[in-house]
Amino acid sequence: MEEKMPAAEAAEKETVSKNFIEQEIEKDLAEGVYDHVQTRFPPEPNGYLHIGHAKSILLNYGLAKKYGGKFNLRFDDTNPTKEKVEFVESIKADVQWLGADYEDRLFFASDYFEQMYECAVLLIKKGKAFVCDLTADQIREYRGDFKTPGKESPYRNRSVEENLRLFEEMREGKYQDGEKVLRAKIDMASPNINMRDPVIYRVAHMSHHNTGDKWCIYPMYDFAHPIEDAIEHITHSICTLEFEDHRPLYDWVVRECEFENPPRQIEFAKLYLTNVVTGKRYIKKLVEDGIVDGWDDPRLVSIAALRRRGYTPESIRMFVDLVGVAKANSSVDYALLEYCIREDLKLKKARMMAVLDPVKLVIDNYPEDEMEDVEVPNNLENPELGTRKVPFGRELYIEREDFMEVPPKKYFRMFPGNEVRLMGAYFATCTGCEKDENGNVTVVHCTYDPATKGGSSADGRKVKGTIHWVAAKTAVKVECRLYENIVDEEKGKLNEDGSLNLNPNSLTVLTDCYVEPELGKAKAYDSYQFMRNGYFCADCKDSRPDHLVFNRIVSLKSSFKLQK
Ligand code: ATP
Ligand code: MG
């Protein structure tokens, strides 16, 4: 069952059991069951990939790499109803972006239809498969349940010759959808319902994105998947827990189809995250209702959305490593993902000046038309990033919250009479403000001390507050989008009617932000720290040269601490 645990605990607990798949692989190699490792990621091209798929991709790729093996990308496109070519392209891009290199091994299950057909014929010849005329409802009824054994189909004892003829006729299009199926002949009394003569082929008069109208019979997943793995010489077929009960059937198929060195299936727990939506059904509705602006809306956790928001492949790899591989389903705290992106960007990105909620600051004793450059370090924690010049002048923008006419206790920013440091520039003492008729502050005034250039005084005078700023004359106006989780699990993910309980504050759009000129050059996916405001990434969809849009990836601080 799914249960919730804090991220740090999850990270710690799951690291312990992290290597159970590796242990199995090492055992297989030691015992000579396999002499190599071959893994695959087998998506169905019926939607965009999400963070859970990222885990599967990186796990499979990582295992291949660790054991000097190979990793395949294979589209499991055996179900022509739901598949779209559009998804094939997006999935390829996502897998590549994550750094899981499948080299020239891009495969499509539909390329194996002929071999699958031959496997079915082999089963018929061995008396291990039969054509059945029962309807879908009858098959379900005959199947029984956990308490009741199944009943054998009256068509179960057809001769090999008759089965071969009927199966060929199915292929030739003699039958309507649902009129006949091919079933494996296993055991109607098996305690495992998957083994009760499962359907392995069905008639479906449908066009397929790859094979067109060549086929009107299609293999079922439980039959097709093991064959796909076997054809590609996969050694370890890693999948999620819901397939555990299907493993005996997987083994039956590769054995009865007489593959040499058959692959083995190993299951692990799906990755779930708190406060996010991953179900395709829900996301589709959010897109259709215009609540999000597509599958890559930065509030979602599709890989495209994470990339757009500003997450890096490194941060996702770190996240997946910290979560580890588990045998029991659990939800990981979204905060762990945020921790990973902060860690990744911390030393890599320059810390820039950007004012999100601006109010003007006028330095009354600074010469009217003068501008100067001040030199600031790009990242105090990483001197390797060097320094840059930021223009400074008489009129600046500062954050509205950095001025208060009547300050509360322990407020060290601008208030009349108080001296602060304008980051990287000078000390400045607030002298007052101007207000409009409603009492809103419109301009803050101050004077500066020219002897404090660089932000320190020769006389050893100290200030308690340092605030960031952007020179008005050279400022670039941009839009910033701030995000919160789209659902709040604490308050309940779903409403009583089953709809999503949406967080009304999941998106805040700030249209009048001012940034230093350097940020005006940002290209799609460029990311920075905006001092005191968080990490931001230039939006790839809505940014134009004359109207830049920045997404906040994550704020700077969190209550989350990784327990080591
Ligand atoms: P969804 O139900 O979210 O659409 P899916 O299982 O239908 O996912 P597939 O394309 O069939 O998506 O899955 C491709 C691979 O990704 C499978 O091996 C599947 O087990 C794995 N996978 C899917 N969801 C997760 C998850 N949340 N965590 C880890 N692996 C996952
Ligand atoms: Mg699926």
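Both ligands and their constituent atoms are indexed starting at 1 by order of listing.
An N or O contact shorter than 3.5 Å is missing between Pro43 and ligand 1 by distance. Residue Leu271 has at least one nitrogen or oxygen atom sitting less than 3.5 Å from a nitrogen or oxygen atom of ligand 1, judged on distance alone. An N or O contact shorter than 3.5 Å is missing between Glu242 and ligand 1 by distance. The shortest N or O to N or O distance between Thr240 and ligand 1 is below 3.5 Å.
The aromatic ring centroids of Phe536 and Tyr528 lie 6.0 Å or more from each other.
Contact annotation: Tyr272 has no heavy atom less than 4.0 Å from any atom of ligand 1.
Exactly one of Tyr102, Tyr112, Phe108 qualifies for a ring-ring contact (aromatic ring centres under 6.0 Å, His included) with Phe75. That residue is Phe108. For the side chain to side chain donor-acceptor pair (under 3.5 Å) with Asn72, the lone residue among Glu228, Glu232, Arg40 that qualifies is Glu232.
We find that Arg299 and Glu484 are not joined by a salt bridge, their nearest charged nitrogen and carboxylate oxygen being 4.0 Å or further apart.
Which of Lys270, Arg40, Lys280, His50 comes nearest to atom 3 (O) of ligand 1 through a heavy atom is settled by distance: it is His50. Looking at His53, Glu44, Glu267, Arg74 and measuring to atom 12 (O) of ligand 1, the nearest heavy atom belongs to His53.
Shown in contact with Ser56 at under 4.0 Å from a heavy atom are these atoms of ligand 1, numbered in order with element: 16 (O), 21 (C), 30 (N).
Between Phe113 and Trp215, the ring-plane angle classifies as perpendicular under the 30° and 60° cut-offs.
Under a cutoff of 6.0 Å and an axis angle of 45°, Arg74 and Phe41 do not form a cation-pi pair.
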